[in-house]
Amino acid sequence: MRIDIITVLPELVEPFVQESILGRAQKKGLVEIHVHNLRDYSTNRWRRVDDYPFGGFAGMVMQCEPIDRCISALKAEREYDEVIFTSPDGEQFSQPMANELSLKKNIIILCGHYKGIDWRIREHLITREVSIGDYVLTGGELAAAVMTDAIVRILPGAIGDEQSALSDSFQDNLLAAPVYSRPKQYTAVDGTDWGSVPDILLSGHEARIKEWELQQSLERTRRLRPDLLEGK
Ligand code: 6GU
């Protein structure tokens, strides 16, 4: 898979995609992530990519030309399955959408900025507008990072333990069960007993542990996110 991210702030996105699981997934050859500086495609002598909106509205608008030139250059090299624009008015990002996008071969994520982008870009180049939630960010970079992270971590081989991406919260519309590590019993710095690991997890009974995990997941989902169980 290949993800091309177009942004006016490559220095914000680049380090994020080189770290941790995203960095490792690229080294393993599971994904190529390329970050492009939109200003490199400006023909303006100050490398501008925005201008005032017609009609006397407030704010600045990202112009057609740099975005058209950048996306045209990418499309000349390969075909893209999706050209995604990050925008608070987009379709809400979700685990099913991450799953769907992780099956694509090549996608472009264009990070929105300023007041918006020239409407003609949406009409002619964008195949999908995606928001990561009902709040407004100063730019689409964090949204692009969030989407890239969610997409790449579920690529087969990206996570050491193949099972663990499948047992995530939301992957089956259930919240994850509690997990514990050593020590079995913990006494906190202030002397409080934080209790012990549930016996069942130390029992070695694989089937009973699975059942416990499912019951815990169902109980937490019913209590914290009953909406996820609707229609189940
Ligand atoms: Cl994709 N962009 C911006 N600017 N704000 C957002 C968003 C995206 N998703 C939620 N808020």
Side-chain angles (χ1 to χ4, degrees), residues 1-22 31 33-42 47-55 57-68 70-71 74 80-104 106-155 168-171 173 225 227-228:
M1 171 176 209
R2 177 176 165 125
I3 303 175
D4 289 274
I5 301 172
I6 305 170
T7 168
V8 290
L9 294 168
E11 66 279 11
L12 205 66
V13 180
E14 190 71 57
F16 181 81
V17 301
Q18 300 311 336
E19 282 301 317
S20 183
I21 290 180
L22 300 198
V31 63
I33 305 172
H34 296 267
V35 180
H36 307 275
N37 188 345
L38 184 61
R39 294 188 193 284
D40 292 344
Y41 296 86
S42 171
R47 293 172 33 98
R48 284 188 65 161
V49 295
D50 63 327
D51 204 341
Y52 293 96
F54 284 117
F57 301 104
M60 301 297 275
V61 175
M62 292 173 85
Q63 294 168 280
C64 291
E65 193 189 27
I67 293 170
D68 176 30
C70 181
I71 292 178
L74 291 172
Y80 284 90
D81 303 298
E82 296 278 9
V83 181
I84 295 166
F85 176 59
T86 64
S87 157
D89 0 331
E91 181 190 353
Q92 165 113 38
F93 190 64
S94 63
Q95 190 62 53
M97 199 195 296
N99 295 350
E100 183 199 334
L101 292 173
S102 77
L103 299 173
K104 309 279 186 192
N106 301 312
I107 65 174
I108 292 172
I109 304 177
L110 171 64
C111 299
H113 249 269
Y114 315 107
K115 191 174 163 53
I117 54 174
D118 191 302
W119 199 259
R120 293 165 289 191
I121 300 164
R122 290 173 124 134
E123 288 175 336
H124 291 274
L125 291 178
I126 303 302
T127 63
R128 200 155 184 176
E129 302 197 10
V130 181
S131 161
I132 61 165
D134 285 340
Y135 38 80
V136 180
L137 303 169
T138 53
E141 283 71 22
L142 286 169
V146 165
M147 287 189 261
T148 302
D149 188 290
I151 292 166
V152 171
R153 66 185 293 285
I154 53 179
L155 295 175
D168 286 338
S169 281
F170 287 109
Q171 198 48 278
N173 260 1
R225 292 294 307 274
D227 55 301
L228 294 176

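Note that these values count all heavy atoms, side chains included, but never hydrogens, waters or copies made by symmetry. One-based numbering, in listed order, for ligands and for the atoms of each. Numbers here simply count residues along the sequence, with the first being 1.
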Visitor: Going through the checks in order, is the side chain to side chain contact (heavy atoms under 4.5 Å, CB included) test met by Phe85 and Arg128?
Guide: CA-CA 6 Å; Phe85 176 59; Arg128 200 155 184 176; over 6 Å; no
Visitor: Does Ala143, backbone or side chain, put an N or O under 3.5 Å from an N or O of ligand 1?
Guide: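 Min N/O separation from ligand 1 is not below 3.5 Å for Ala143.
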Visitor: Can you report which non-hydrogen protein atom sits closest to atom 2 (N) of ligand 1, along with the distance?
Guide: Pro88 CD, 3.7 Å
Visitor: Is the side chain of Ser42 donor-acceptor paired with the backbone N or O of Arg48 at a distance under 3.5 Å, no angle test?
Guide: yes
Visitor: Do me a favour and list the nearest non-hydrogen protein atom to atom 5 (N) of ligand 1 with residue, atom name and distance?
Guide: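 Nearest neighbour among protein heavy atoms for atom 5 (N) of ligand 1, to 0.1 Å: Leu137 N, 3.0 Å.
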Visitor: Could a heavy atom of Gly133 be found less than 4.0 Å from some atom of ligand 1?
Guide: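 Right, Gly133 reaches ligand 1.
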Visitor: Only heavy atoms of Thr86, strictly under 4.0 Å: list the atoms of ligand 1 that pass.
Guide: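 Counting atoms of ligand 1 from 1, those under 4.0 Å from Thr86 are 1 (Cl).
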Visitor: Which of these passes side chain to side chain contact (heavy atoms under 4.5 Å, CB included) with Ile107: Ile3, Thr127, Val83?
Guide: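 Exactly one pass, corresponding to Ile3.
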Visitor: With sequence neighbours excluded, tell me which residues meet salt bridge (Lys or Arg N to Asp or Glu O under 4.0 Å) with Arg153.
Guide: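 With sequence neighbours excluded, Arg153 shows a salt bridge (Lys or Arg N to Asp or Glu O under 4.0 Å) to Asp168, given in chain and number order.
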Visitor: Which ligand 1 atoms, with their elements, are less than 4.0 angstrom from a heavy-atom of Ser131?
Guide: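 Per the distance check, 1 (Cl), 9 (N), 10 (C).
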Visitor: Take atom NZ in Lys104; do more than 12 heavy atoms of anything else shown fall under 6.0 Å from it?
Guide: yes
Visitor: For Asp81, does its backbone N or O pair with a side-chain atom of Asn106 as donor and acceptor, under 3.5 Å?
Guide: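 No; judged by distance alone, with no hydrogens or angles, the pair does not exist.
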Visitor: Could you tell me, atom by atom, which parts of ligand 1 come under 4.0 Å of a heavy atom of Ser87?
Guide: 1 (Cl), 8 (C)
Visitor: Quick one: does His113's side chain get under 4.5 Å of Thr7's, heavy atoms only?
Guide: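 No; the side chains remain at least 4.5 Å from each other.
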Visitor: So for ligand 1, is Tyr135 a polar contact partner (N or O within less than 3.5 Å, distance only)?
Guide: yes
Visitor: Among the heavy atoms of Val130, does any lie under 4.0 Å from an atom of ligand 1?
Guide: yes
Visitor: Does an N or O anywhere in Ile132 fall below 3.5 Å from an N or O of ligand 1?
Guide: yes
